[in-house]
Amino acid sequence: MRVSVLGLGYVGCVSAACLASMGHEVIGVDVNQVKVDLVNDGKAPVVEERIGELTAEVVRSGALRATTDVREAIMGSEVSLICVGTPSAPNGSLCTTYLERVTEEIGAAVAERGGRQTVVFRSTMLPGTCLNLLVPILEKHAGGTAGVDFGVAVNPEFLREGTSVRDFFDPPKTVIGQLDAESGDVVAALYEGLPGEVFRVPVPAAEAIKYADNAFHGLKIGFANELGAVCQALGVDSHQVMDVFLADRKLNISSAYLRPGFAFGGSCLPKDLRSLVHAAQRADVSVPILAHVLPSNSDHLQRAVDLVERTGKRRVGLFGLSFKPGTDDLRESPLVELAERLFGKGYELKIHDANVSLSRLMGANREYIETRLPHLAQLLADSVDEVIEHAEVCLVGTKDPAVLAALPHGEGPVLIDLIRLPDAEARRAEPGYMGLAW
């Protein structure tokens, strides 16, 4: 394919050289004449493993050249990869100045060129940037409709500085945010033959995925460093601890706990987080990530309360009360906390949990509920139907088959889904359905 790559920084120059080595005819574009001259001389504008040799090879073969002229590049290509920078503004917001400027130039060139051009945004940008900001700019300057007269896609990169060439040819995944199927086909064809799973998703999802990745990478590094500091203060070998931690592929290094759902609770997590943070404070070790996990959890629980308040209705039903399905363990259950907050705000509350019977509660379990929710007896309902008949708003915090089977579709109470129901995708089209974080 004939490809133009706009922006010859790390991502752009690596993408250009690697695509050229795969047999594509590539034109690199940059406003910096020095970068353009370097590429045309067969030299990479960045220092990176393998990029120097690769650039020299593809320039020598004629597969890669560079220019400062956007119009020339668009006229000589059928697909354009935008790799310009999106730095932080002084207030921390995303600066889209370079994106907007190059999009205007591409649009004007597309209008002059004719034929279908596929514009692929590879720059990191927040969800909504492409469809709400850049597509209107393209349509205005190109004089056409995106997805009809020209293609648009978002194709985030997952290249690490220092190993970018290696990462390009062995990607962890390929993500294609496609405005239309034809645009997605063009991007998929660019990378044909590379390993790794290909995900074709809506444009905003592709934009968000890069942020999910980088936020998690930062969180992991911060977590490891904070834990290391606490271990050092307590006289423990942090690397020995993390070696064992990393060996757990069932819960720790896995997909476990990484699906948006309701707040966590139970007899272990809250207690142990509090103890660890307290130990760090006593040792004068600052652990802002660990110290904010419980407040973050509390804020997430509050989102459910806010959704109820937003409905303006007063009669509320809650399905589920115990910390874990199939048990009657109520200790630090987030559903008990939710019930307490709603009851405290004066909502008329009915609760059903098939595993929770006040007469059977004993020991620490009974003591906990008598302290946190002493009015539980008057709130418990014997059946699912009793709750549904009472409620104008139903909060679903359990996957009990009896509850799932009884939940109404369409007309009926507002449904606030705390757990992502098995049929959540279908229910999202229903007017009374509200997902907690989806």
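Using modelled atom types, one finds a donor on one side chain and an acceptor on the other under 3.5 Å when comparing Q117 with S80. In this model, no donor atom of one side chain and acceptor atom of the other lie less than 3.5 Å apart for D400 and T398. Side-chain polar atoms of S322 and S333 form no donor-acceptor pair below 3.5 angstrom. Using modelled atom types, one finds no donor on one side chain facing an acceptor on the other under 3.5 Å when comparing D299 with S296.
In the displayed structure, H278 atom NE2 is contacted under 6.0 Å by at most 12 heavy atoms of other residues, nucleotides or ligands. Heavy atoms from other residues, nucleotides or ligands lying under 6.0 Å from CZ of F169 number more than 12. Within a 6.0 Å radius of CD in E72, other residues, nucleotides and ligands contribute more than 12 heavy atoms. By the 6.0 Å contact criterion, NZ on K399 is enclosed, its count of non-hydrogen atoms from other residues, nucleotides or ligands being greater than 12. At most 12 heavy atoms of other shown residues, nucleotides or ligands fall within 6.0 angstrom of atom NZ in K250.
Residues E430 and R427 are paired through a salt bridge, judged by an N-O separation under 4.0 Å between the basic side chain and the carboxylate. By the 4.0 Å N-to-carboxylate-O rule, K345 lies close enough to E309 to be salt-bridged with it. With respect to E105 and R101, no salt bridge is recorded, no charged nitrogen being found less than 4.0 Å from a carboxylate O. Salt bridge absent: R428 and D423 never bring a charged side-chain N and a carboxylate O closer than 4.0 Å. At a threshold of 4.0 Å, the pair E182-R116 counts as salt-bridged, since one of the basic side-chain nitrogens sits closer than that to a carboxylate oxygen. A salt bridge is defined here as a Lys NZ or Arg NE, NH1 or NH2 lying under 4.0 Å from an Asp or Glu carboxylate O, and K173 with D213 meets this definition. Of the charged side-chain nitrogens involved, none lies within less than 4.0 Å of a carboxylate oxygen, so that E392 and R314 do not count as a salt-bridged pair. Looking at R274 and E332, a side-chain N of the basic residue comes within less than 4.0 Å of a carboxylate O on the acidic one, giving a salt bridge.
To the nearest 0.5 Å, the span separating CD1 on I351 from NE2 on H390 amounts to 10.0 Å. Distance CD/E57 to CG/L64: 11.5 Å, rounded to 0.5 Å.
With hydrogens and angles disregarded, a donor-acceptor distance shorter than 3.5 Å links the side chain of N297 to the backbone of F264. Between the H217 side chain and the A212 main chain, no donor and acceptor come within less than 3.5 Å of each other. A side-chain donor-acceptor contact under 3.5 Å links D417 to the backbone of I419. Checked by atom type and distance alone, the side chain of Q232 never pairs as donor or acceptor with a backbone atom of S238 at under 3.5 Å.
L338 is listed as a side-chain neighbour of F262, based on a closest heavy-atom distance under 4.5 Å. Between V154 and V120, every side-chain heavy-atom pair lies at or beyond the 4.5 Å cut-off. With a 4.5 Å cut-off on side-chain heavy atoms, Q178 and V203 do not count as touching. Contact check for T68 versus D30: no side-chain heavy atoms found under the 4.5 Å cut-off. Put simply, the side chain of R65 reaches to within 4.5 Å of the side chain of N40, judged on heavy atoms. T311 has its side chain within reach of M434: a pair of non-hydrogen atoms, C-beta onward, lies under 4.5 Å apart. V305 is not listed as a side-chain neighbour of V308, based on a closest heavy-atom distance of 4.5 Å or more. Within the 4.5 Å cutoff, the side chain of E100 has heavy atoms near those of the I137 side chain.
The two residues P127 and E207 make their nearest non-hydrogen contact at CA-OE1, 3.3 Å. Between F223 and M242, the shortest heavy-atom contact is CE2-CE, 4.3 Å. The two residues I388 and P408 come nearest to each other via the heavy atoms CD1-CD, 4.2 Å. The two residues S4 and S77 make their nearest non-hydrogen contact at OG-OG, 3.0 Å. Here the closest non-hydrogen pair linking L194 and F168 is CD1-O, 3.5 Å.
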**Report entry** Working for salt bridge (charged side-chain N to carboxylate O under 4.0 Å, His left out), residues D185 and R200
**Finding:** CA-CA 9 Å; D185 290 343; R200 294 175 65 157; 2.7 Å; yes
**Report entry** Derivation and outcome, side-chain contact (heavy atoms from CB on, under 4.5 Å), residues L8 and V29
**Finding:** CA-CA 7 Å; L8 292 174; V29 185; over 6 Å; no
**Report entry** Working for side-chain contact (heavy atoms from CB on, under 4.5 Å), residues V11 and R122
**Finding:** CA-CA 8 Å; V11 173; R122 203 149 160 78; 4.2 Å; yes
Query raised in the report: Is there a side-chain contact (heavy atoms from CB on, under 4.5 Å) between L131 and L179 once you walk through the steps?
Result: CA-CA 9 Å; L131 297 184; L179 186 65; 3.6 Å; yes
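Between V14 and the options V5, T55, L19, I51, a side-chain contact (heavy atoms from CB on, under 4.5 Å) holds for only I51.
Annotation: side chain to side chain donor-acceptor pair (under 3.5 Å) contacts of E192 (sequence neighbours excluded): none.
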